[in-house]
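These notes are about the structure you will find just below.
Sequential numbering from 1 along the given sequence is applied to the chain's residues. Keep in mind it's a predicted model, so treat the numbers as computed, not measured.
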Amino acid sequence: MHGEYKEPGAKLVVVDLEDEVGADGVAVVRNVKISGDFFAEPDDVIFRIQDALEGIPTSSTGSQIAALVEKTVSPGDVLFGVSPHGIGVAFRRALGAAIDWDDLDLEVIHGPSVSPVMNVALDETLVEDVAAGRRKPFMRIWEWDSPQIVIGSFQSFENEINSEGIEKHGITVSRRVSGGGAMFMEPGNCITYSLVVPTSLVDGMSFQDSYEFLDQWVMAALERVGVKAFYVPLNDIASSAGKIGGAAQKRWANGYMLHHVTMSYDIDAVKMMECLRIGKEKIRDKGLRSASKRVDPMRSQTGMEREAIIEVFIDQFKTLYQASDGELTADDLEKAEERVTEKFGTEEWIHRVP
């Protein structure tokens, strides 16, 4: 049984093992071998880790494996290019409990342009369809037909939204199922995508590492369009010129998860500031005096049209993960419209945190 994992910015770690059922009927691992292009000092630290993992139950979680590795590593030991939880992920992949991108048959969906609240509804209904086997896991790039602010699942409407501003500019406010901060989105001023995959793809990873792992493809796409991007923990994507965007996640008990990212393309910072209330604590945390200085749109960094950047994004994802073209059907849209009526378009949901 063989498993591989390469953490973002780290080295490859490989775990080979066998499993057997003991006299007590519990399945355990045997003959654990850890290899890769990482560095370890002294040499015997890897052999000590292998010995510590020998005989553990095959049901051990990634966190349990990582904790055992951490307990085995002495204060004077050095692991460079590999971490305890990275070993845990490779271990779980060897057991078949965690999967890799190569195990997925993915689709790419672009559009169609829908009402602001429809996109947040689709982020729930489409996950249900993937979990039920009615559609493949996918990456979907949003399009919308009118300006909107999407607030995070746990944000307070009153604390985040300036009612006078949204009335002045005709902005729709919707609430998504994932946490994180507010997104100011006018048609054509940002690029947003949703990624729906099995949670087992990030099995054993910390939440922070899962964000970077799931966005590796878009970081490569940004480099192709001339943006040197990097992650700012927990969930911001930035460049030396400023913040580009942010990510959010939602994980369901059905074994699937939603990961989505919004990146600014050509934002109207003045209008944004008239519609959002951005507290001093958030600005201070970023080391800035003005919230309008936080964001640096892709248009100013690339000089490219939004459609051209999206083409690069789609090509990068399809090439890297052998994804095929997909589309939303009339039934998909009808189901989402029903969910808008039942939930996402209601005052109760939008103001669920007053």
Side-chain angles (χ1 to χ4, degrees), residues 3-6 8 93 96 98-114 118-144 177-178 190-203 205 210-225 229 237 245 247-252 254-263 265 298 304-337 339:
E4 300 181 0
Y5 177 57
K6 185 180 183 302
R93 286 185 176 178
I99 62 173
D100 196 3
W101 290 106
D102 293 338
D103 300 314
L104 297 176
D105 183 9
L106 293 154
E107 289 187 337
V108 174
I109 302 167
H110 183 197
S113 182
V114 295
M118 274 284 283
N119 275 306
V120 294
L122 285 164
D123 268 355
E124 183 171 87
T125 57
L126 291 178
V127 174
E128 295 170 357
D129 287 340
V130 174
R134 292 188 290 268
R135 77 161 41 248
K136 298 177 182 179
F138 62 85
M139 186 274 286
R140 177 176 72 93
I141 296 180
W142 294 19
E143 296 292 353
W144 55 100
V177 294
S178 61
C190 58
I191 298 175
T192 296
Y193 66 84
S194 297
L195 181 64
V196 174
V197 292
T199 310
S200 54
L201 184 62
V202 297
D203 183 280
M205 300 182 199
S210 74
Y211 276 89
E212 294 191 50
F213 174 77
L214 293 173
D215 286 333
Q216 283 179 306
W217 71 273
V218 82
M219 304 301 273
L222 286 168
E223 186 171 0
R224 284 178 57 182
V225 300
I237 297 175
Q249 288 183 6
K250 168 71 176 179
R251 303 184 184 193
W252 280 270
N254 60 22
Y256 283 81
M257 65 180 294
L258 166 74
H259 173 92
H260 53 199
V261 171
T262 292
M263 291 172 282
Y265 170 71
M298 283 185 284
M304 296 174 63
E305 295 295 324
R306 177 177 179 271
E307 292 74 15
I309 295 175
I310 288 175
E311 287 181 8
V312 174
F313 280 18
I314 291 174
D315 178 72
Q316 181 70 28
F317 190 90
K318 290 174 68 175
T319 301
L320 191 60
Y321 302 133
Q322 290 77 56
S324 57
D325 291 321
E327 63 179 6
L328 298 186
T329 66
D331 287 342
D332 293 329
L333 297 175
E334 182 178 351
K335 186 180 298 184
E337 285 280 13
R339 196 64 55 88

* Run the numbers on I310 and E143 for side-chain contact (heavy atoms from CB on, under 4.5 Å), then give the verdict. => CA-CA 11 Å; I310 288 175; E143 296 292 353; 3.9 Å; yes
* Asked: Where do F317 and I141 land on the side-chain contact (heavy atoms from CB on, under 4.5 Å) test, with the steps shown first?
  -> CA-CA 11 Å; F317 190 90; I141 296 180; over 6 Å; no
* **Candidate pair D123 and K250, rule salt bridge (charged side-chain N to carboxylate O under 4.0 Å, His left out), full reasoning** => CA-CA 10 Å; D123 268 355; K250 168 71 176 179; over 6 Å; no
* Test side-chain contact (heavy atoms from CB on, under 4.5 Å) on D332 and T329 and set out the steps. => CA-CA 5 Å; D332 293 329; T329 66; 3.1 Å; yes
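Within the 4.5 Å cutoff, no side-chain heavy atoms of H110 are placed close to those of V108. Side-chain contact between P8 and Y211 is absent, with no heavy atoms from C-beta onward closer than 4.5 Å. Side-chain atoms of F213 and K6, non-hydrogen and from C-beta on, never get closer than 4.5 Å to each other. No side-chain heavy atom of Q316 sits under 4.5 Å from any side-chain heavy atom of V218. Two residues are said to be in side-chain contact when any heavy atoms from C-beta on lie closer than 4.5 Å; F313 and M139 fail this criterion. Two residues are said to be in side-chain contact when any heavy atoms from C-beta on lie closer than 4.5 Å; L328 and V114 fail this criterion. With contacts defined as side-chain heavy-atom distances shorter than 4.5 Å, the pair M257/V197 qualifies. For the pair Q216/L320, no side-chain contact is recorded, criterion being any heavy-atom separation below 4.5 Å from C-beta on.
What you find for S324 and K136 is that their closest heavy atoms are OG-NZ, 4.3 Å. For the residue pair C190 and M263, the shortest heavy atom distance occurs at CB-O, 3.0 Å. Closest non-hydrogen pair, A247 versus V261, comes out as CB-CG2, 3.6 Å. Between D105 and P137, the shortest heavy-atom distance links the atoms O-CD, 3.6 Å.
Ring-plane geometry between Y193 and H259 is classed as tilted, the angle between the planes lying from 30 to 60 degrees on a 0 to 90 degree scale.
Taking CG from L195 and CZ from F138, the interatomic distance works out to 8.5 Å, rounded to the nearest 0.5 Å. Note: N119 CG to S194 OG = 7.5 Å, rounded to the nearest 0.5 Å. One distance of note links CZ of R224 with CD1 of I309; it measures 12.0 Å at 0.5 Å rounding. The CH2 atom of W217 sits 12.5 Å away from atom NZ of K318, with the distance rounded to the nearest 0.5 Å. Between T125 atom OG1 and E334 atom CD the span is 11.5 Å, to the nearest 0.5 Å. Distance CH2/W101 to CG/L214: 5.5 Å, rounded to 0.5 Å.
Just one of D100, D103, D203, D102 meets the salt bridge (charged side-chain N to carboxylate O under 4.0 Å, His left out) condition when paired with R93; it is D100. Partner L122 forms a side chain to side chain contact (heavy atoms under 4.5 Å, CB included) with one of E337, K335, R140, R339 and no other, that one being R140.
Panel note: side chain D129, backbone L126; no donor-acceptor pair is recorded below 3.5 Å. Put simply, the side chain of T262 never gets that close to the backbone of G245: no donor and acceptor are under 3.5 Å apart.
Using a 4.0 Å cut-off between a side-chain N of Lys or Arg and a carboxylate O of Asp or Glu, R135 and E107 qualify as a salt bridge.
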